[in-house]
Novice: 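Submitted below is the structure of interest, expressed as structure tokens.
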Amino acid sequence: MPLDPVIPFEPVSTEQIPEGDRWIAQVKWDGVRILTYSDGNEVRLFNRKRHERTMQYPELSDVARYCRAKSVILDGEMIALSDGKPSFHEVMKRDSLRKPQTVAAMVRHVPVTYMIFDMLYLDGRWVTGLPLEERQRLLRETVVQDERIQLVQNVSDPAALFAVTHAHDLEGIVCKHLDSLYAIGGKDPRWRKKKHFKDLLAVVGGVTLRHGTVNALLLGLYDENGDLIYIGHAGAGKLTVADWRAVTERAAALATGQRPFRNRPGRDKDAIWVKPELTVKVRFMGWTPDGSIRQPTIQGFVDAPDAACTFGQTP
Amino acid sequence: MHTLWKGAISFGLVHVPVKMFAATEDKDISMKYIHKVCGTPISYVRRCNHCEEDVEWEQIARGYEYEPGKFVLFEKEELDALSESSKEIKILDFVDLNEIDPIYFQKTYYLSPADTGANAYSLLLEALRQTGKIGIAKVSIRSKSSLAAIRVIQDCIAMETIFYPDEIRPVRQVPNLPDNPAVNEKELTMAKMLIEQLSVPFEPEKYKDDYRENVMEMIQQKIAGEEIRVVPEQPKANVIDLMAALQASLEAVKPSKVPAERGQPADAKPKTQKKPKAKETVS
């Protein structure tokens, strides 16, 4: 396929919501960033790390169904709903599929919606050099929306959208300048995100058990010296009983007598230490003065190396 | 095989650490209860008719009904505390196998040596084999205590749980057993001859569960004939509904500024496939 996957444009985090009538805000849909590449013959999907996800989302392979273009690159967020809201944990049930034979059943069980917010390429030419306003016009002209394909909408009042997303318990907003060009591989303040909570990747260094099943994970991050520092423990979150059973098995295989954390966790009496290999996405409200995370919930297990779980990781 | 229990066999001063495994498995074809009308599996709820609510396990205790409508309650922990040490299969006596009527046997488990117990295990196995005896033991598994027979099956020590004598109903309770059986000698000779003719060595492999095979075959036929019921899709929440709810909230926040400024894809209600957006929101 002539279209090589690219690294998509990323927003920076901001506390200040930008003002001015050339700024629009969009809901920050909580899912997996997916770019769709269609060269007219073939359609392939890649995530922002350029890992292929074509197999996981077969319902998007028929681009002609929802996009009137000979060739195109679309950028958006793949989401799955749980209790009426986008759930990272839910979409990971699709994103983490590795066996083709299990995909068909999961397409039925976990339907996804592709929330498209940008276009990089259209009918043989790159459109990344056009302003956002223009790219959005092209999106509206080419993409046919349905229940599974939606264009992310602009809202002219970012502060109002931020309040509304909070009321609806959504992740946050992304503010974009209407004149901004699309910077492949870039990350700069032309796009600014503001979230209602924080997320990070943490590595599991210990577990506690209840009736023989894991009921909480002891989480850590690596500091600049490479030492693993305990940052708190998290319980059920979005994980199901079946998830916990699976965790119990994986924890058993990683069990070690050695405490992997440099500091001593509060719950270390009941803890079973594990080799720091299992990584999770954890959502939390902020940091306590003693360096623990507040109200953490596990969003899901992620396919990331433990070395990615550092204090320095970008929020 | 999946370890059901870990503990030790003890007799006298000998202590044999073992792990326990189920020796038999139930191959009945399991079927779920399905609502005929729509094909959805029936779910069971634990419900309190007095409070008119569904009850979580945390809210549930066990109660013994000592007279109708009156209960004494127990927590699981209280019952667990009453059972004897659950880590031990304690052999009390050794007997000959043919002294135990098969009616006593309940369920069979295999025992294998735990990490450190290989020598003691082999010793017990060989001693049982050479004496031809089996051990009668007391064991508690999952807070229920049982009597058990410890015997050798091929090169493995096995444990058969056996009923306590008061759990076995006496034969005299069976109705209609003749008091003074009168048997015709000639007929008896015939019957014995017939038994002789049909006598063979026991070859369990030649007996099959015909019913199970028939059911399995019918399942395959129904699948092949597409005579199948699929669970109806739960009505899934729809992102369009969510976007409409967000839009309504936005309008409530800023009644004067909606709809859309600057003709963005924004601020207009999300559309379905039949109504391509491009036609409607071009600025």
Side-chain angles (χ1 to χ4, degrees), chain A residues 21-22 24-27 29 31 65-66 68 79-87 90 108-117 132-133 136-157 159-170 176 178 211, chain B residues 2-6 39 56-58 75-77 80 86 142-143 230-283:
Chain A
D21 66 359
R22 298 301 288 163
I24 55 94
Q26 299 181 328
V27 172
W29 294 100
R65 185 178 63 80
Y66 63 86
R68 292 181 280 235
I79 62 168
L81 302 189
S82 168
D83 293 332
K85 282 179 305 203
S87 159
E90 199 69 9
R108 275 191 345 110
H109 285 297
V110 183
V112 292
T113 302
Y114 191 32
M115 304 299 297
I116 302 170
F117 51 69
L132 176 65
E133 197 167 26
Q136 290 189 335
R137 190 182 60 77
L138 296 174
L139 272 181
R140 291 197 302 278
E141 285 173 2
T142 48
V143 173
V144 181
Q145 304 187 78
D146 65 18
E147 202 180 301
R148 299 278 154 242
I149 305 289
Q150 284 285 315
L151 293 178
V152 176
Q153 303 180 42
N154 290 358
V155 173
S156 52
D157 185 343
L161 185 64
F162 190 69
V164 164
T165 53
H166 188 251
H168 285 265
D169 205 12
L170 299 179
K176 298 176 178 177
L178 284 171
H211 301 320
Chain B
H2 164 76
T3 306
L4 290 176
W5 182 86
K6 267 163 98 168
E56 295 298 324
W57 280 116
E58 295 84 74
E75 293 298 333
K76 187 172 176 299
E77 291 73 20
D80 286 349
S86 63
R142 296 196 198 102
S143 83
V230 177
V231 189
E233 291 276 328
Q234 292 293 320
K236 295 266 183 189
N238 182 323
V239 74
I240 296 174
D241 298 339
L242 174 57
M243 290 168 80
L246 289 175
Q247 184 62 32
S249 298
L250 272 173
E251 283 169 26
V253 176
K254 291 257 165 180
S256 59
K257 286 182 82 176
V258 173
E261 296 102 87
R262 299 195 298 277
Q264 286 312 310
D267 295 10
K269 290 239 161 66
K271 298 299 184 300
T272 58
Q273 193 168 19
K274 289 165 197 121
K275 299 178 175 181
K277 173 145 254 177
K279 285 183 185 153
E280 300 175 46
T281 49
V282 172
S283 47

Novice: Is it the side chain or the backbone of Leu139(A) that comes within 4.5 Å of chain B heavy atoms, both, or neither?
Specialist: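 For Leu139(A), no heavy atom lies under 4.5 Å from chain B.
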
Novice: Check Leu242(B) against Gly84(A) and note the closest heavy-atom contact, atom names and distance.
Specialist: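 Result for this residue pair: CD2-O, 3.7 Å.
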
Novice: Just wondering, do Leu81(A) and Asn238(B) contact through their side chains at under 4.5 Å, heavy atoms?
Specialist: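 Not touching, per the 4.5 Å side-chain cut-off.
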
Novice: I'd like to check Val239(B) versus Tyr114(A) (side-chain heavy atoms, cut-off strictly below 4.5 Å). Are they in contact?
Specialist: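 No, their side chains stay 4.5 Å or more apart.
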
Novice: Can you list the residues that meet the side-chain contact (heavy atoms from CB on, under 4.5 Å) rule with Glu58(B), with sequence neighbours excluded?
Specialist: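 Glu56(B).
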
Novice: Could you tell me which non-hydrogen atom of Ile240(B) sits nearest to which non-hydrogen atom of Glu147(A), and how far apart they are?
Specialist: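 In terms of heavy atoms, the two residues are closest at CD1-CA, 3.8 Å.
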
Novice: Considering non-hydrogen atoms only, spot the tightest contact between His168(A) and Ser249(B) and give its length.
Specialist: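 That would be NE2-OG, 2.5 Å.
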
Novice: List the residues meeting ring-ring contact (aromatic ring centres under 6.0 Å, His included) with His166(A), not counting sequence neighbours, and say none if there are none.
Specialist: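 Testing His166(A) for ring-ring contact (aromatic ring centres under 6.0 Å, His included), a comparison that skips the adjacent residues, returns His196(A).
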
Novice: Can you measure from OG1 (Thr113(A)) to CE (Met243(B)) and round to the nearest 0.5 angstrom?
Specialist: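 So the OG1 of Thr113(A) and the CE of Met243(B) are separated by 9.5 Å.
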
